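In what follows, a single structure is set out as structure tokens and then discussed.
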Amino acid sequence: MLPVSDIERNFERFVKGLEKRGIENAEKSLKAILTKDKLRRVLRGELDEVLHESNILSKEIGSLFQQGKRAEAEEAKCKTSSLKEKSKELNGELSHIQNELNDILFNLPNIPHESVPVGSTKEENKIVKVFDETIPQLKGDKKPHWELIEEYDIIDFELGNKVTGAGFPFYKGKGARLVRGMINYFLDEAVSAGYDEIQPPIVINEASGYGTGQLPDKEGQMYYLEADGIYMIPTAEVPITNMYRDKIIPADRLPLKNAGHTPCFRREAGSWGAHVRGLNRLHQFDKVEIVQIVDPEKSYQVLDEMVSHVEALIKSLGLPYRILQLCAGDLGFTSALTYDFEVYSIAQERWLEVSSVSNFETYQSNRLKLRIRGKEGKKRLAHTLNGSALALPRVMAALLENNQAEGSIKMPKVLHPYLGFSKIIK
RNA sequence: AGAGAGGUGGCCGAGUGGUUGAAGGCGCACGCCUGGAAAGUGUGUAUAUCCCCAAAGGAUAUCGAGGGUUCGAAUCCCUCUCUCUCUGCCA
């Protein structure tokens with residue numbers, strides 16, 4: 001949520017920012033925010049004044065009663081009724097305007113960082129870096145992973161269909177072992193990079209959904225458990241970042257660094273087709289997420305640090321990769337700047353997104369009421385960042401496809417200790 | 001799931017309708033004292049919003065959350081929620 005005081009101070013920048021995202025009527029919406037906020041303040045002032053008067057009267061009545069001046073007290077009581085009515089009225093107007101204000105604010109996305117490229121589609125994302133080797137070619141057959149997993153019997157989609165539904169596969173034998181191994185490897189790497197490991201709940205309440213910005217924007221993307229009013233998480237970002245909701249963190253405790261593995265659940269409504277076959281898109285998948293809460297001054301430096309962390313992971317797995325900076329139109333609702341990581345899948349001859357690393361600046365912290373207390377006791381909103389390090393299924397798809405050989409699939413060296421085997425054989 | 005008890009400031013804890021935003025204690029910060037420290041002593045010590053360029057100051061709200069009664073509620077009523085104890089069930 002955009003902080004109103006910032007909008008007021010940097011009006012032009014906010015208009016331009018929203019327009020860059022292709023938001024229509026950006027200026028009009030922002031102006032409406034300022035007008036409504038102004039009105040809100042006026043009403044607040046009036047209401048406070050009325051309440052002040054009535055508080056004074058109440059105290060008078062109290063002391064009159066104590067002095068035994070009954071008649072005078074009764075008289076004073078009459079005066080309060082008009083004040084009471086007035087305050088009721090003002091209260092109604094105030095909450096009405098507050099709702100209108102929130103409505104606009106909740107539905108405006110974050111302002112893109114100035115370096116974010118202009119553009120409205122994926123094709124306009126800027127390629128920041130491509131791994132420095134030429135894309136390897138395979139000799140002989142190159143099978144897509146959905147054929148390989150059947151051949152080696154490591155993932156079973158049919159069984160998933162039977163037991164749950166499409167997009168919920170079973171991982172079996174060495175496939176299951178590979179999942180577990182990667183999770184452990186990614187977590188270990190995060191821990192040695194200074195992240196505190198967390199095992200968060202995988203369902204969250206509504207307040208948490210609002211806190212990180214999944215609600216009200218992405219209602220339809222999350223599985224909702226109606227009986228208990230809770231949502232299954234689309235990413236560990238939600239519970240982990242919400243740990244700090246309504247917190248005031250002393251500046252010297254920053255940065256806060258957390259990492260956690262969770263299954264992630266996405267309904268991905270209406271997005272099924274040929275290009276999302278196999279592991280390319282699932283309703284449930286595993287991901288290790290890294291989250292940082294930092295001083296605003298340092299957030300872009302931290303973003304770079306997180307990008308390096310993810311890059312090192314992908315490199316260590318020996319996968320061809322590239323890094324994209326998302327253009328304004330492709331940027332997530334809450335993000336100011338996002339880098340996507342893609343790995344190349346040789347058999348599919350496609351780039352697959354495996355990580356997304358973002359700086360949300362104050363957008364989430366404003367919703368979360370997550371603040372930093374500085375040296376002189378001054379408070380300000382923190383910056384929040386997160387990144388996938390990494391999401392498993394597409395990494396797995398690329399590993400299987402790129403390392404396939406005659407009769408076996410080789411596993412990257414870094415995973416050997418985690419797997420207990422060095423290749424998958426039939 | 002059933003029965004009972006209870007949620008007060010960073011923590012403990014008093015408070016059952018009228019200067020109680022909240023006694024007292026602990027903790028913390030700053031000062032005094034001391035050669036230094038401890039002890040002692042003094043002062044300060046919540047959050048949000050509004051007024052204000054800012055500071056200072058003032059106002060309003062907040063004693064689990066929401067609603068109600070009342071001129072006035074931490075204190076009374078209702079709903080929800082969480083914690084603890086006992087019983088039940090369970091990995």
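Below, chains carry the letters A, B, ... as their sequence lines are ordered, and counting in each starts from 1. All figures in this text were calculated on a predicted structure; none of them were measured in a lab.
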Under the 6.0 Å and 45° cation-pi test, does A:Lys174 pair with A:Phe421? yes
Nearest-angstrom distance, [atom1] atom, [N] to [M]:
N     : M     : atom1 : result
B:G64 : B:G7  : P     : 8 Å
B:G2  : B:C11 : C1'   : 34 Å
B:A23 : B:C30 : C1'   : 24 Å
B:G6  : B:G13 : P     : 14 Å
B:A73 : B:A22 : P     : 16 Å
B:U85 : B:A46 : P     : 34 Å
B:U60 : B:G21 : C1'   : 12 Å
B:C82 : B:G88 : P     : 23 Å

Could you work out which one of [options] sits closest to the side chain of [X]?
X        : options             : answer
A:Ser58  : B:C71, B:A48, B:U60 : B:C71
A:Arg371 : B:U49, B:U47, B:A61 : B:U47
A:His52  : B:C51, B:A59, B:U47 : B:A59
A:Arg373 : B:A46, B:C71, B:A59 : B:A46
A:Lys379 : B:U60, B:G72, B:U47 : B:U47
A:Ile248 : B:G18, B:U60, B:U47 : B:U47
A:Arg41  : B:C71, B:C50, B:A61 : B:C50

Does [N] pair with anything, Watson-Crick or G-U wobble, both distances under 3.5 Å, and if so, with which nucleotide?
N     : answer
B:C30 : B:G42
B:A1  : B:U87
B:C80 : B:G64
B:A14 : none
B:G72 : none
B:U19 : none

Check [Y] with [X], please: is the shortest side-chain N to carboxylate O separation under 4.0 Å?
X        : Y        : result
A:Glu8   : A:Arg41  : yes
A:Lys31  : A:Glu27  : yes
A:Glu305 : A:Lys257 : yes

Closest-nucleotide ordering on RNA chain B, the 5'-leading residue of A:Ile61 and A:Gly45: A:Gly45
On RNA chain B, more 5' by nearest nucleotide between A:Arg40 and A:Ser81 is A:Arg40
Nucleotide [N], atom [atom2] - distance to [atom1] of [X] in whole Å:
X        : N     : atom1 : atom2 : result
A:Ile56  : B:A59 : CD1   : P     : 9 Å
A:Lys79  : B:G72 : NZ    : P     : 15 Å
A:Glu206 : B:A65 : CD    : C1'   : 15 Å
A:Lys59  : B:G18 : NZ    : P     : 14 Å
A:Glu46  : B:U49 : CD    : C1'   : 16 Å
A:Asn205 : B:A65 : CG    : P     : 16 Å
A:Leu90  : B:A61 : CG    : P     : 14 Å
A:Asp48  : B:U62 : CG    : P     : 12 Å

Any side-chain N or O of A:Lys77 under 4.0 Å from OP1/OP2 of B:U70? no
Does B:A59 have OP1 or OP2 under 4.0 Å away from a side-chain N or O of A:Asn55? no
Could you check whether the rings of A:Tyr223 and A:His283 sit parallel, tilted or perpendicular, using 30° and 60° as the cut-offs? perpendicular
Between A:Asn205 and A:Ser208: side-chain donor-acceptor atoms closer than 3.5 Å: yes
With side chain to side chain donor-acceptor pair (under 3.5 Å) as the criterion, how do A:Lys287 and A:Thr235 come out once you've worked through the C-alpha distance, each side chain's angles and the decisive distance to 0.1 Å? CA-CA 8 Å; A:Lys287 178 160 66 66; A:Thr235 158; 2.8 Å; yes
